[in-house]
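Structure record follows, encoded as structure tokens.
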Number of protein chains: 2
Amino acid sequence: MATETPERPAVRPRGVAPTLAQVAQHAGVSLKTASRALNGEAHVSPDKQTRVLDAARELGYQLNRTASMLARGVDSHVVGLITGDIANPFYSALAKGVEQELRAWDGQLTVASSDEEPDRERALVHELVTRHVRAVILVSTLDDHQAMRDVQSRGIPVVFVDRVGVGIEADSVVIDNRGGSRTAVEHLIAGGHTSIGFIGDLSRLPSDRERFEGYVETMRAAGLDPTRAVRRGAHSVQAAAEAAHSLLTQDQPPTAIFAGNNRITIGSLQAMNELSVEPALVGFDDFELGDLLGITVVAHSPVEMGRTAARLAIEATERRRTGATSVTLETTLLARGSGERRP
Amino acid sequence: MATETPERPAVRPRGVAPTLAQVAQHAGVSLKTASRALNGEAHVSPDKQTRVLDAARELGYQLNRTASMLARGVDSHVVGLITGDIANPFYSALAKGVEQELRAWDGQLTVASSDEEPDRERALVHELVTRHVRAVILVSTLDDHQAMRDVQSRGIPVVFVDRVGVGIEADSVVIDNRGGSRTAVEHLIAGGHTSIGFIGDLSRLPSDRERFEGYVETMRAAGLDPTRAVRRGAHSVQAAAEAAHSLLTQDQPPTAIFAGNNRITIGSLQAMNELSVEPALVGFDDFELGDLLGITVVAHSPVEMGRTAARLAIEATERRRTGATSVTLETTLLARGSGERRP
DNA sequence: TTGTACGCGTTATCAT
DNA sequence: ATGATAACGCGTACAA
């Protein structure tokens, strides 16, 4: 909507930051000459050059990039990253990757958390658009992104991470969720398990759905029942712990658990600890201490995801590429013990 | 320096984003009328009101906040946060706190990692200044901040987090490092330990120094030697693991370890695991899975630190307060087992 | 109610 | 080499 409640920041006294005009006056030259001198352009006499530089130093002049870019009609190098929660290690690793790649491009990163709330995500995207960020990297919680075409048509590329865009042609970087799931479940089956539980995140998230589907199809392929021990919608460590608890205390609890992401793995560990039971456990996403704890995981690199996404965003915004690119990152099973426990 | 290499982003074709003027023309009204209509101001005939709104919708008009703010002479609600590494859970929790508080203020967060490199930190601050961010929240790696006065004099408040500003009068939010250290070491001493090792981060970091000092003074107060088992400069999990390894394999290894931060605690755990030894262990900073692993820690809340810092930044930038405020957050010892092991 | 003229801080154009 | 002058996209002051 174009009629958003207008934001009216408090007015700050003008003149705290010295302007180019002040520098010019102080140096006794014209505005343009000062500009030239400071920008290191040619055609400035050494005399005035130093006068301007001195004046700038004295006044503590700093270029106002905002105005500069407005005048030049270029956009900033600011890229927006929207994730569910920046404190989630997966997302913060993602942010790190994005930042690393942005650095080489002299870019800057603005982050915001949607808390996985669709409305908030929409608001954040809108916010970034009005701020004219250069690109938006998005771990989306929406199930439809047609509205996001609007963003693209403004020349702001959108890169979807972890979850692809729906109803839109845009770059994306995702994990091979289905494949990773398959690997995990096959690993457990190979270990002799026939009763394997699944605990998933919010089922509206495509990544969760894909992982779940991988679970289901692998179970089915092995002639196992994929409906006996499933809990979904666990979107926090707490919720995951409760789900795991319920799973492990149900009639005929599974002998193995496949945890849909790092939060869930940790929640499951807590529940296992409370109940003092040790089913086999394989988690999606690696996590710190996972090696120490001997937790078998389907690993991938969120930092690499971030880097890739940032690269795509930069390429797109610099128009070095047309059309949408999709990158799927493979997973690796890291057998560390918890996934090798027998039924 | 005022003569920085000027950044010259690639020029983007103009006109991708519709302007207010285009909307006005499309609606057949003057620029100002369009502005009024879109901003919901009074004194616009319903007729033109809808004409403008329709035009805006058709053209997909979005306010250019940058230009708007330039015109109004106000600064954005963007706050910059500089930490060592956004992927470090301590820093990402900090970022989360900042973002939470900023949200209520309709603010936005730009993050950047200094990698604990002074030069990079300086460059990042400069970058934020030229972008006219509203405030800077800083986990500084510098040992002197006189140069930062410059930032303040531009009306950009600087809030120091985790490490206070030196040579500058500025807000700060820190942890009671010395007190936390004391608590930790006293706890170990009370447990019967007389040989307690310390593993610290880069010793140029004030937080590390304070923690180390707390260690030293508590040891001395108990008549123990605080020089027999000290390793400092461990700035990564890897480095900490090596330090712990070396500590635990030295002549007369300590029976207890006090780890200076969360990275070091984890590194120590790895080393203990490798060596299959179990000295008592108390770590500074809580960390995920710390409870599950039964690690005794000196805990505090990085999220709360972030929130507090953001509040201070907002207060300062809205000039609702003058003078510098210092907040010291207390720590809590969480006894979970590892710190209660006997010598 | 509506529009004009001007300004925000900077850069670009084009004379001089 | 230098400097008026006009942009950039928008908002304010003041007329009309």
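From a predicted model like this one, the values you see are computed outputs, not experimental measurements. Scope of the values below: all heavy atoms of this structure, side chains included, with no hydrogens, waters or symmetry mates. So you know, we letter chains A, B, ... as the sequences are listed, proteins then strands, and number each from 1.
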Value in whole Å for how far the C1' atom of C:dC8 lies from CZ of A:R65 = 19 Å

Are any side-chain N or O atoms of B:D115 and backbone N or O atoms of B:E117, one a donor and one an acceptor, separated by less than 3.5 Å?
-> no

Take atom NE2 of B:H132 and atom C1' of C:dC8, then tell me their distance rounded to the nearest Å.
-> 12 Å

Within this structure, what is the OH-to-P distance between A:Y61 and C:dG9, rounded to whole angstrom?
-> 10 Å

Ignoring hydrogens and geometry, is there a side-chain-to-backbone donor-acceptor pair from B:E101 to B:A310 under 3.5 Å?
-> no

Using five pairs at either end of the helix from C:dT1-D:dA16 to C:dT16-D:dA1, determine the angle between the two local helix axes and round it to 10 degrees.
-> 50°

Under 3.5 Å donor-acceptor, B:R120 side chain and B:S113 backbone = yes

So which pairs with a foot in residues 77-87 of chain A pass salt bridge (charged side-chain N to carboxylate O under 4.0 Å, His left out), sequence neighbours left out?
-> A:D85-B:K96

d(CG, B:L70; P, D:dC10) in whole Å | 11 Å

Closest to side chain of B:N39, choosing from D:dG11, C:dT2, C:dT10 | D:dG11

Take the angle between the ring planes of A:H145 and A:F160 and call it parallel below 30°, perpendicular above 60°, tilted in between.
-> perpendicular

Calculate the interatomic distance between A:Q25 atom CD and C:dG9 atom P; express it in whole Å.
-> 13 Å

Check for a donor-acceptor pair, side chain of B:R131 on one end and backbone N or O of B:V78 on the other, with a separation under 3.5 Å.
-> no

Between B:S45 and C:dT2, is there a side-chain N or O to OP1/OP2 distance below 4.0 Å?
-> yes

For A:E169, does its backbone N or O pair with a side-chain atom of A:Q152 as donor and acceptor, under 3.5 Å?
-> yes

Between atom CD in B:Q49 and atom C1' in C:dT2, what is the gap in whole Å?
-> 14 Å

On DNA chain C, check which nucleotide each of B:A67 and B:P46 is closest to and give me the residue with the more 5' one.
-> B:P46

Tabulated below should be each protein N or O lying under 3.5 Å from an N or O of nucleotides 3-7 of chain C; please produce it.
unit_1	atom_1	unit_2	atom_2	d
C:dG3	OP2	B:S30	N	3.2
C:dG3	OP2	B:S30	OG	3.2
C:dG3	OP2	B:T33	OG1	2.4
C:dG3	N7	B:R36	NH2	2.8

Calculate the interatomic distance between B:N64 atom CG and D:dG9 atom P; express it in whole Å.
-> 8 Å

D:dA4 P sits how many Å from A:L20 CG, rounded?
-> 14 Å

Report yes or no: do A:H26 and A:E58 form a side-chain donor-acceptor pair below 3.5 Å?
-> yes

From the list D:dG11, C:dG9, D:dT2, which nucleotide is the closest neighbour of the side chain of B:S35?
-> D:dG11

Would you mind checking if A:D119 and A:R122 are paired as a salt bridge, meaning a charged N to carboxylate O distance below 4.0 Å?
-> yes

